[in-house]
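To start, the structure under review is shown below, and the notes come after it.
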Amino acid sequence: MYMEKLMRLIEMTPLLLLLFLPSAFAGHDYNQALSKSILFFEAQRSGYLPHNQRVTWRANSGLNDGKASGVDLVGGYYDAGDNVKFGLPMAFTITMMSWSIIEYGKQMGANGELGHAMEAVKWGTDYLIKAHPEPYVLYGEVGDGNSDHYCWQRPEDMTTNRHAYKIDPSNPGSDLAGETAAAMAAASIVFRRSNPAYSTELLRHAHQLFEFADKYRGKYDSSITVAQKYYRSISGYNDELLWAAAWLYQASNNEYYLNYLGKNGDSMGGTGWAMTEFGWDVKYAGVQTLVAKFLMQGKAGLHAPVFERYHQKAEYFMCSLIGKGGRNIQKTPGGLIFRQRWNNMQFVTSASFLATVYSDYLASSRGSLKCAAVNVAPSELLSFAKSQVDYILGDNPRATSYMVGYGNNFPRQVHHRASSIISFKVDPKFVACRQGYATWYSRKASDPNVLTGAIVGGPDAYDNFADERDNYEQTEPATYNNAPLLGILARLGGGHGGYNQLLPVVVPAPNPVVAKPKPAPKPKFTPTPATSSNPITIEQKMTTSWNAKGKTYYRYSTIVTNKSYKTLKDLKLSISKLYGPLWGLSKSGNSYGFPTWLNSLPAGKSIEFVYIHSTSPADVSVSSYNLA
């Protein structure tokens, strides 16, 4: 039964939040979330860390990468909670970060985060340039998952094998080379104005990599077989070839790539695959979105009939997101896209990004989304993307933020080697391979280093989530979870930006990051003076609703505030007309009080509890209390 599944949530974790601001009624701070989501990439850095490194609990690592192969492969990003550098997801991460900046760099600039976002891209592209030492040679992995996963060590202590794996004409990898070409091309647009020489260098690498990918065809995991267990290319390489061509056309305006999309759209699946997912492996929905943009821009020319078929498939994907398609994407009872148990959040952020940009493309062309016999306003797509982001940030049945460090209730035991072990700078004593598992991995305590901004794998198909370090399916973060989110958060935090999204892209030059002043601290909440007869206030708000098996369920957030000048103790609440599970209070007889770990509520502070049922709000009142 559905309600029985909801009841299981009660045992997962207490959800009472001690609030310093009554933020439950103020909406989400998308600009703060954007800042944190960019900061996460600094925690994932490999190599020599720069002087302006803001994640100070990390130190240099992987300083001999590539040395045994006679190539400098120092730098780049660790993909997730391990210490391997996987080329395919790293390149996709850089492509999506770049796309975020291309579309919403103006909003990032207004928020003061454009410089940080561009630094995050450049940290990746600097590495990709190193990994491409010859036109037809590309290094696609450093380290291997098997030996790495056998150990639980800080990156600074790594003793695992750091072998470098490459593709070349004898051992091709069109998907890897194609995605890397896309990343270089997209990044070249990002730096075109602020660093034209670097932009030109990136575009040169992108041209070479596309030629390599197209000329010597094959799946990269047939050449770099150690990647099969971790990042197998299930979709093959045709989607990456089309994806790379689309980005090279955007970056260079070279008709060769436009013609490539037109001539190969049918045979390579660009016009045939009707998708309900988008991510580091399957790029078709992304290609279809970009080609639909080219069509709206009037660039299709003789390829208009083919581009229209791409366009139809892009709309199929968008309609499936909002539940108005021929085959709709599965969602949890709380409304989150659900694709798979292991790191489901990657599909949420990627799909939501496509919905965001497509909404703006449609609005700029004064068009609408055509779903079956219904025309849908572009704003509905943006509202969908917002609903997914709001779920991630805490508007969900568990009232849990799945961005580490955002809000009050977020994962504390993240499946991440560097964050779960004491910082090298605090205690440089060597942590051996298996010692890390015994001492740190198995600890039932919060991480010593907060992995600020990380988007973890997220809840299961029923909105359940267990904050446990060994629960890697739900608590492991990944760079490609965060990358698409940058654009959505910038759009939600900064608005439309007041320009036509179909016009040529000009990414503004950022202000120097080092010169950026720290924002002034926000004023703390000052309690409103209250009369002695009414020192406690109760505010309720319905935060979300969903349908399950023909029934509508509502999630209510309730804020209890101590508006007196004294400490509130022995609080007893009376709650009637409650017909579902409640989180955040302890029950004693017929009344509710503070949970066992909280004895009092200081002056001016608030607590939140949440409950779910299928009717109007419950009746909540104060039965008794003491002020000390």
Side-chain angles (χ1 to χ4, degrees), residues 95-107 182-183 185-190 192 206 239-262 264-265 268 270-271 273-275 278 283-319 321 350-370 376-382 384-385 484 487-488 490-491 496-497 499-507:
T95 307
M96 295 307 297
M97 276 200 288
S98 298
W99 197 358
S100 291
I101 294 169
I102 288 166
E103 300 289 351
Y104 304 114
K106 183 177 179 181
Q107 290 92 327
S188 76
I189 302 172
V190 170
R192 183 177 292 157
D239 52 337
E240 276 87 5
L241 289 173
L242 294 172
W243 176 243
W247 277 111
L248 275 158
Y249 176 66
Q250 275 222 126
S252 67
N253 216 28
N254 187 326
E255 293 288 323
Y256 172 82
Y257 299 105
L258 191 75
N259 293 333
Y260 189 96
L261 289 164
N264 296 288
M268 288 187 169
T271 63
W273 282 105
M275 302 308 303
F278 173 58
K283 313 291 165 41
Y284 282 115
V287 176
Q288 291 155 357
T289 300
L290 284 175
V291 175
K293 178 186 181 183
F294 301 156
L295 185 68
M296 294 179 203
Q297 291 173 319
K299 295 181 176 180
L302 297 175
H303 302 298
V306 179
F307 280 23
E308 181 55 44
R309 292 196 288 276
Y310 278 103
H311 177 223
Q312 290 168 1
K313 291 302 188 291
E315 301 230 319
Y316 180 98
F317 178 80
M318 303 301 163
C319 295
L321 294 180
S350 294
S352 298
F353 178 85
L354 292 188
T356 301
V357 296
Y358 200 75
S359 170
D360 283 340
Y361 296 162
L362 286 174
S364 296
S365 67
R366 301 185 184 279
S368 60
L369 176 64
K370 295 173 178 58
V376 178
S379 58
E380 191 167 335
L381 276 176
L382 187 61
F384 164 79
I488 318 171
R491 173 65 173 85
H496 184 268
Y499 59 90
N500 188 321
Q501 213 80 9
L502 299 177
L503 292 177
V505 172
V506 179
V507 175

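Everything quoted here is computed from the prediction, not taken from an experiment.
For the salt bridge (charged side-chain N to carboxylate O under 4.0 Å, His left out) test, residues two or more places apart in sequence or in another chain that qualify with E380 are K324. Listed by chain and residue number, Y249, L258, N259 satisfy the side chain to side chain contact (heavy atoms under 4.5 Å, CB included) test with E255 (two or more places apart in sequence, or in another chain). Applying the side chain to side chain donor-acceptor pair (under 3.5 Å) criterion to K293, with sequence neighbours excluded, gives Q250. In this view, Y260 and F210 satisfy the ring-ring contact (aromatic ring centres under 6.0 Å, His included) rule, not counting sequence neighbours. Under the side chain to side chain contact (heavy atoms under 4.5 Å, CB included) criterion, T271 pairs with D266, V306, R309, Y310, sequence neighbours left out. For the side chain to side chain donor-acceptor pair (under 3.5 Å) test, residues two or more places apart in sequence or in another chain that qualify with E240 are K283. Residues meeting the side chain to side chain contact (heavy atoms under 4.5 Å, CB included) test with A251, sequence neighbours left out: A185, S188, I189, R192, L203. Contacts of T95 classified as side chain to side chain donor-acceptor pair (under 3.5 Å), with partners at least two apart in sequence or in another chain: E179. Under the rule for a side chain to side chain contact (heavy atoms under 4.5 Å, CB included), the partners of Y316 that lie at least two apart in sequence or sit in another chain are A274, T276, R327.
Here the closest heavy-atom approach between residue S100 and residue G487 is recorded as OG-N, 3.0 Å. Contact detail for Q288 and A314: the closest heavy-atom pair is O-CB, 3.6 Å. Closest non-hydrogen pair, L295 versus A304, comes out as CD1-O, 4.3 Å. Considering every non-hydrogen atom in both A182 and W247, the closest pair reads CB-CD1, 3.8 Å.
Using a 4.5 Å heavy-atom cutoff, the side chains of L369 and L381 are in contact. A 4.5 Å side-chain heavy-atom check between I102 and V190 finds at least one atom pair inside the cut-off.
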Ring pair (Phe, Tyr, Trp, His ring centres under 6.0 Å) between Y257 and W243, intermediate numbers included: CA-CA 10 Å; Y257 299 105; W243 176 243; over 10 Å; no
I would like to know whether T289 and M318 meet side chain to side chain contact (heavy atoms under 4.5 Å, CB included); could you show each step before the answer? CA-CA 9 Å; T289 300; M318 303 301 163; 3.5 Å; yes
Test Y256 against L248 for side chain to side chain contact (heavy atoms under 4.5 Å, CB included), laying out the working first. CA-CA 9 Å; Y256 172 82; L248 275 158; over 6 Å; no
Checking side chain to side chain contact (heavy atoms under 4.5 Å, CB included) for the pair F317/Y284: CA distance, chi angles, key distance, verdict? CA-CA 10 Å; F317 178 80; Y284 282 115; over 6 Å; no
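N264 CG to L241 CG: the interatomic distance, rounded to the nearest 0.5 Å, is 8.5 Å. Of the inter-residue distances, the one linking D239 atom CG with M275 atom CE reads 8.0 Å to the nearest 0.5 angstrom. Between M268 atom CE and L261 atom CG the span is 10.0 Å, to the nearest 0.5 Å. Between atom CD of residue Q297 and atom CZ of residue F307 there is a gap of 11.0 Å, rounded to the nearest 0.5 Å. Rounding to the nearest 0.5 angstrom, the gap separating the OG atom in S365 from the CG atom in N500 is 8.5 Å.
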Exercise answer: donor-acceptor pairs, residues 353-363 side-chain atoms, under 3.5 Å, sequence neighbours excluded:
unit_1, atom_1, unit_2, atom_2, d
T356, OG1, S352, O, 2.8
Y358, OH, H311, NE2, 3.1
Y358, OH, E315, OE2, 2.7
S359, OG, P378, O, 2.7
D360, OD1, R491, NE, 3.3
D360, OD1, R491, NH2, 3.1
D360, OD2, Y104, OH, 2.8
D360, OD2, R491, NE, 2.8
Y361, OH, E103, OE2, 2.5

